[in-house]
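Note that ligands are numbered from 1 as they come in the structure, with each ligand's atoms numbered from 1 the same way. Computed from a predicted structure; not experimentally measured.
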Amino acid sequence: MKQKITVTTLYKMKEKGEKIAALTAYDYPFAKMADQAGVHIILVGDSLGMVVQGQTSTLPVTMDEMIYHTKLVSKGVENAFVIGDMPFMSYQVKLSKAVKNAGRFLKEAGAEAVKLEGGVDVCDTIKAISAAGIPVQAHIGLTPQSVHKMGGYKVQRNEQKLIEDAKRVEDAGAFSVVLEGIPEDISKKITEIISIPTIGIGAGLYCDGQILVLHDCLGLNTGHIPKFVKKFANLGEMAIEGISTYVKEVGAKEFPSKKHCY
Ligand code: KIV
């Protein structure tokens with residue numbers, strides 16, 4: 001029987017050099033499949049704004065939407081560690097509001113931790129949420145909620161700032177940190193310097209773990225596919241093929257056949 005993954009499991013995996021496989025999920029069936037496939041961390045990412053809602057950025061995603069999707073995911077998961085992603089403006093305005101919103105992920109939606117974007121600038125928030133007993137995963141480098149500040153979705157190369165951000169979020173109490181859009185040599189250094197697990201996306205091989213957006217990983221994304229993405233399946237093409245056959249068979253009066261009738 002597989003073991004329930006906890007923060008302790010993740011720390012031990014880093015210690016032993018065992019790689020952590022993380023994936024996003026947004027609903028019950030895919031969360032269940034990811035869990036059965038042995039994914040260690042399931043992140044209910046605010047990337048759902050783009051891959052599920054069809055928005056052009058993650059900025060419009062609301063707390064209530066995140067809670068709804070996190071509930072669906074938690075229902076499908078037995079072993080993986082479930083993290084809820086704090087959406088834009090749910091943790092930036094007031095510390096007390098940030099703690100309250102983080103708490104909703106655990107209290108209402110069954111998550112076991114939250115993730116928020118930022119480094120040095122969000123350390124007080126990480127401290128306050130951790131102090132409430134909620135594990136926090138930080139997210140540095142390319143932080144999509146700051147797309148307009150960064151001037152686009154750009155690889156972040158300021159080594160000094162990235163290392164400072166990583167050290168400071170660890171000091172503030174983050175249990176892990178996502179490294180997004182960072183050159184491989186810098187994410188390798190960060191992974192060696194800090195003692196909490198680093199989870200990379202577009203950050204090379206040397207992070208303690210990797211994360212991909214589910215729709216990119218399975219070929220369900222019809223939009224722009226970044227360089228760091230590897231398609232591990234082609235579900236999008238399979239779905240179109242399957243649905244086209246259904247449409248044809250309905251038109252040709254081949255479906256339903258006798259065996260599908262009462
Ligand atoms: O929202 C998301 O899916 C994320 C991951 C890409 C790390 O933040």
Would you mind telling me if ligand 1 is within reach of the side chain of Glu117, the backbone, both or neither, using heavy atoms under 4.0 Å?
neither

Which atoms form the tightest heavy-atom contact between Gly118 and Ile140, and what is the distance?
O-CG2, 3.6 Å

Please work out whether any backbone atom (N, CA, C, O) or any side-chain heavy atom from C-beta onward of Asp46 is under 4.0 Å from ligand 1, and answer side chain, backbone, both or neither.
both

Just jot down the ligand 1 atoms closer than 4.0 angstrom to any heavy atom of Thr24, in number order.
3 (O)

Using modelled atom types only, decide if a donor and an acceptor are shared between the side chain of Lys19 and the backbone of Leu205 within a distance under 3.5 Å.
yes

Kindly assign one of parallel, tilted or perpendicular to the pair Tyr26 and His69, based on the angle between their ring planes and the thresholds 30° and 60°.
perpendicular

Just by distance, do the side chain of Ser146 and the backbone of Lys149 share a donor-acceptor pair under 3.5 Å?
no

Would you say Lys115 touches ligand 1, if touching means a heavy atom closer than 4.0 Å?
yes

Just heavy atoms, cut-off under 4.0 Å: does Leu48 contact ligand 1 by side chain, backbone, both, or neither?
neither

Counting heavy atoms only, which part of Ile201 comes closer than 4.0 Å to ligand 1: side chain, backbone, both or neither?
side chain

Could you see which bit of Asp85 sits under 4.0 Å from ligand 1, with heavy atoms only: side chain, backbone, both or neither?
side chain

Look only at interatomic distance and state if Ser47 has a nitrogen or oxygen under 3.5 Å from any nitrogen or oxygen of ligand 1.
yes

Shortest protein contact, atom 5 (C) of ligand 1 (heavy atom only)
Leu43 CD2, 3.7 Å

Please name the residue in the list Arg168, Lys161, Lys167 that meets the salt bridge (Lys or Arg N to Asp or Glu O under 4.0 Å) test with Glu164.
Arg168

Between His260 and Phe255, does the ring centroid distance fall short of 6.0 Å?
yes

Please lay out, stage by stage, how Leu10 and Phe175 fare under the test side chain to side chain contact (heavy atoms under 4.5 Å, CB included).
CA-CA 9 Å; Leu10 301 171; Phe175 77 93; 4.0 Å; yes

With heavy-atom distances below 4.0 Å as the criterion, list the atoms of ligand 1 near Gly45.
1 (O), 2 (C), 3 (O)

